[in-house]
Amino acid sequence: MKTPISASKRYVHRLLKPHKYFTTTHLRRLSVAPDSTQPPSQEELTETAITQLKITEDWTSNTNLHYQLLSLPPQSLIKIARHLETSNKALKFFHFIHDNQSPSLSQLPLPSIFQTVIELAMREEDSVPLVDLFNLSKELKVPLTSNSAILLIRYFFHVKKVQESLELYNELEPHAKNTNVKNTLLGLLLKSNRFEDAHKLLDEMLQSDTKFPPNETTLSVVFSVLLRWNCGKEDEKILGLIPKFGIHGVFPCNVWLTQLITRLCRSHRNDKAWDLLHELIKFGKLEAGPCNALLSGLSRERNYKRINLVLNEMKENNIKPDIVTFGMLVNHLCKAHRVDDALDMLKKMKEGSDGISIKPDVILYNTVIDGLCKVGRQAEGFLLMEQMKSEHNCAPNVVTYNCLIDGFCKSGEIERAHELFDQMDKENVAPNVITMNTLVDGMCKNGRISNAMEFFRKMQEEKGIKGNAVTYSTLISAFCNVNNMDRAMRLFDEMESLGSPDALAYYSLISGLTLAGRPDDAAFIASKMKKSGFLPDLLTYNTLIGGFCRKKKLDKAVEILKDMEDSKIKPDSVTYNTLISYFTQNGDFGTAHKFLKQMVKDGNAPTVVTYGTLIHGHCLAGNLDEGLNLFEEMIRTSKVVPNNVIYNILIDSLCKCGKVDHALSLMDGMLEKGVAPNTTTYNAMLKGISSRNRLKDAERLMNQMTTQACNPDYITIEILNDWFSAIGEADRLKQFVQGFQASSSAA
DNA sequence: ATATCAACTT
């Protein structure tokens, strides 16, 4: 190889000639020492050399300098190299030192000077190719420093020569393979998805007897990849190595762990998250965050067994649950309609009777208030809001009010809902679009669509709250419900004119037309939707299929199903339930079971609705026993939790067959399982016992309805009225209705 | 990352 220094050797005869640039002025200026009798110090010599090397083209011919340089210690030589501006100059210097090194001089500075060459070369646009430099180091047997290795490894990755990087790493001297080098290589391997190689390297780093153990950076490199957005399952082997960091005293921070576990749970890898947490819990550094993330994942798959295990382990390992932990637990209880347990937990938190006292915040209160509203105990919810204000100095926010307003709307107490809305104004809690939507929906569902429209317009004018897709969808559905397609269409147009038309607007029209028993028109809107560039989603398809099934137009339903499959949208359990329902209601259990098989094959486990559909079908076909058997089977062999609809179907059927005692025992079982009976349950039951004239049972049930705040509806009143007036007990009904009004207005 | 509105199936 032709190198600058070998070229310069040919001009050795010039060495003694003073260089043309070297004037006496220069020399005078360059001699730093003020007292010329003192020999210059090493520092001065270094500075002088730097200046000379910078400004002189052919300094190798300067013998003076030559000897001075060779007398300098390694550190000074390295310093000189660092101050040279271009890689060419540095390379020339490198060659000079290399060619002139005395055998006694240690090799020490050469690798460092070479490193400087690489550093300079990397910054330049057209430098000596880095590959050539790498080859030169091999040729001259100058070992690479750790930093040189890092630079070259990065460069090789940059030009997609991963194999060269690995070779370079393998050829390094053992002492150069330090943690930094390993971290660099590891990061790049992971980034380019070479999980096999990365795993091997990381595993090697994590050995307990390694000279260069992993550090925080190693961990952050690993996490930056694990937390990457679209990381497949290849990273799972790497995941398994994380606990090994603990052996070296490196522990991931709780924030990262929380993110990682959240990510694992979201990509349906709860098991991996579970394993990871359990490996790490031993090191005693876990906080509530990662545990919460796992708990949240486990609750999504309703794995209550594991939820309880995690909670116990938190206790054993002294990991203090925080407000989020409690928030999730309370939320669970509420969603399982175990509101009394939720209230209990809230109380315990405040008292600190379980060893941990946490001041509940507005979110926790909102969760419980919503829980109360969702089971029809909105009056208690309201009291809880008063309590949180007065006793705990916790101000309700817009969510608190939204929950309560929804609660009162759903129970038909629109006036109370409006009062709460006015109260918000007094307490300076600004309503938002959800508040509006809730009230609009409440009014629509209570047959006051024009009031709802008025309110909607007023909110827009007075509060500047604009309607969103939900608002329009609610109103459009409401107009469709009363068969006012004209107004529905006008709202649809208004929404489209407001800007980006929303798929939800199409959907609400489609669902409205379907609800109005006009599936063909709905299908037409769906085709229009497609033409405007919106693809109907699963919900839309399900709605259409349901619409045609209800009209007994199976061929059309199947047509939609085909269209759906063409659009690559997979039918889900709702789709299958709809079809199964069509066949069972028409007595065709053979085809129903065919679809049931297909459903399971598609990966959709039968849901509570599937069982409900089949049970309902059996009852309709007069096979009550078959229905009861299936119910037993469901409880025995599946994880499906019965809901009140299933109980209602069976209780109704039993009562109609005169098996009132069986129905009553089923209702007891319902209460035992924590399934709340609703008005439908009571209506079926009361109808049944009325035919047997069992007044005592009626009394008990009526009391139950009152205490559970389960509103009687016109059917309840009709049943009781027919019965009681026939036996001259009309007062009982009066009392019942009055008692009800008293309890609901007590709040 | 624990709370509020609409929408498909018994």
Side-chain angles (χ1 to χ4, degrees), chain A residues 258-259 262 288-289 292-293 295-296 299 321-332 334-335 360-371 373-374 396-407 409-410 431-442 444-445 467-478 502-505 507-508 510-512 514-515 537-547 549-550 571-582 584-585 606-617 619-620 627 642-650:
Chain A
T258 308
Q259 286 174 4
T262 306
N292 291 341
L295 285 170
S296 150
S299 60
D322 61 6
I323 194 144
V324 175
T325 323
F326 277 106
M328 282 192 295
L329 293 177
V330 168
N331 188 40
H332 263 133
C334 289
K335 291 284 138 72
D361 60 358
V362 63
I363 292 182
L364 217 81
Y365 274 110
N366 288 347
T367 309
V368 181
I369 289 173
D370 185 54
C373 289
K374 289 271 151 57
N397 61 14
V398 61
V399 177
T400 323
Y401 278 102
N402 290 347
C403 295
L404 285 167
I405 289 174
D406 190 50
C409 281
K410 292 265 152 66
N432 59 16
V433 67
I434 295 181
T435 322
M436 176 170 82
N437 292 346
T438 308
L439 272 163
V440 165
D441 185 57
C444 288
K445 294 268 156 69
N468 61 13
V470 175
T471 329
Y472 281 98
S473 152
T474 306
L475 287 164
I476 290 171
S477 303
D502 199 296
L504 196 61
Y507 174 75
S508 50
I510 291 168
S511 114
T514 309
L515 232 58
D537 61 357
L538 184 61
L539 241 69
T540 311
Y541 279 117
N542 284 345
T543 305
L544 286 168
I545 291 172
C549 281
R550 231 171 291 130
D572 70 345
S573 61
V574 176
T575 325
Y576 283 112
N577 289 341
T578 309
L579 291 163
I580 291 170
S581 164
Y582 171 85
T584 53
Q585 292 197 12
T607 67
V608 70
V609 180
T610 319
Y611 280 103
T613 307
L614 291 165
I615 291 171
H616 191 205
C619 291
L620 282 174
N643 61 9
N644 55 15
V645 180
I646 284 202
Y647 277 106
N648 290 350
I649 292 167
L650 288 169

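Letters A, B, ... are given to chains in the order of the sequence lines, protein chains preceding strands, and every chain is numbered from 1.
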Original post:
With sequence neighbours left out, what residues match A/Thr514 under side chain to side chain donor-acceptor pair (under 3.5 Å)?
Top reply: none
Original post:
Rounded to whole angstroms, how far apart are CG on A/Asn542 and C1' on B/dT10?
Top reply: 14 Å
**OP:** Report the distance from atom CG of A/Leu579 to atom P of B/dT10, rounded to the nearest whole Å.
**Re:** 12 Å
Original post:
In whole Å, what is the span from the CG atom of A/Leu329 to the C1' atom of B/dA1?
Top reply: 14 Å
Subject >> Interatomic distance where CG belongs to A/Leu538 and C1' belongs to B/dC8 [whole Å] >> reply: 8 Å
Original post:
Taking only residues two or more places apart in sequence, or in another chain, which ones meet A/Tyr401 in a ring pair (Phe, Tyr, Trp, His ring centres under 6.0 Å)?
Top reply: none
Original post:
Heavy atoms under 4.0 Å, any strand shown: does A/Ser508 hit a base, just sugar-phosphate, or nothing?
Top reply: nothing
Original post:
Listed by chain and number, what are the ring pair (Phe, Tyr, Trp, His ring centres under 6.0 Å) partners of A/Tyr365, not counting sequence neighbours?
Top reply: A/His392
Original post:
For A/Thr543, which residues count as a side chain to side chain donor-acceptor pair (under 3.5 Å) partner, sequence neighbours excluded?
Top reply: A/Tyr507
**OP:** Spell out protein contact along nucleotides 2-7 of chain B as letters: B when the base is contacted, S when just the sugar-phosphate is, - when no protein heavy atom is under 4.0 Å; keep the 5' to 3' order.
**Re:** BBBBBB
Original post:
Looking at side-chain heavy atoms only, is the closest gap between A/Val433 and A/Asn437 below 4.5 Å?
Top reply: yes
Original post:
Reckon A/Thr262 touches a base, only the sugar-phosphate, or nothing at all at heavy-atom distances under 4.0 Å?
Top reply: sugar-phosphate
Subject >> A/Leu544 CG - B/dC8 P separation (whole Å) >> reply: 12 Å
Original post:
What residues, two or more places apart in sequence or in another chain, satisfy side chain to side chain contact (heavy atoms under 4.5 Å, CB included) together with A/Val608?
Top reply: A/Val640, A/Asn643, A/Ile646
Subject >> Length of the OH-C1' vector between A/Tyr541 and B/dC8, whole Å >> reply: 14 Å
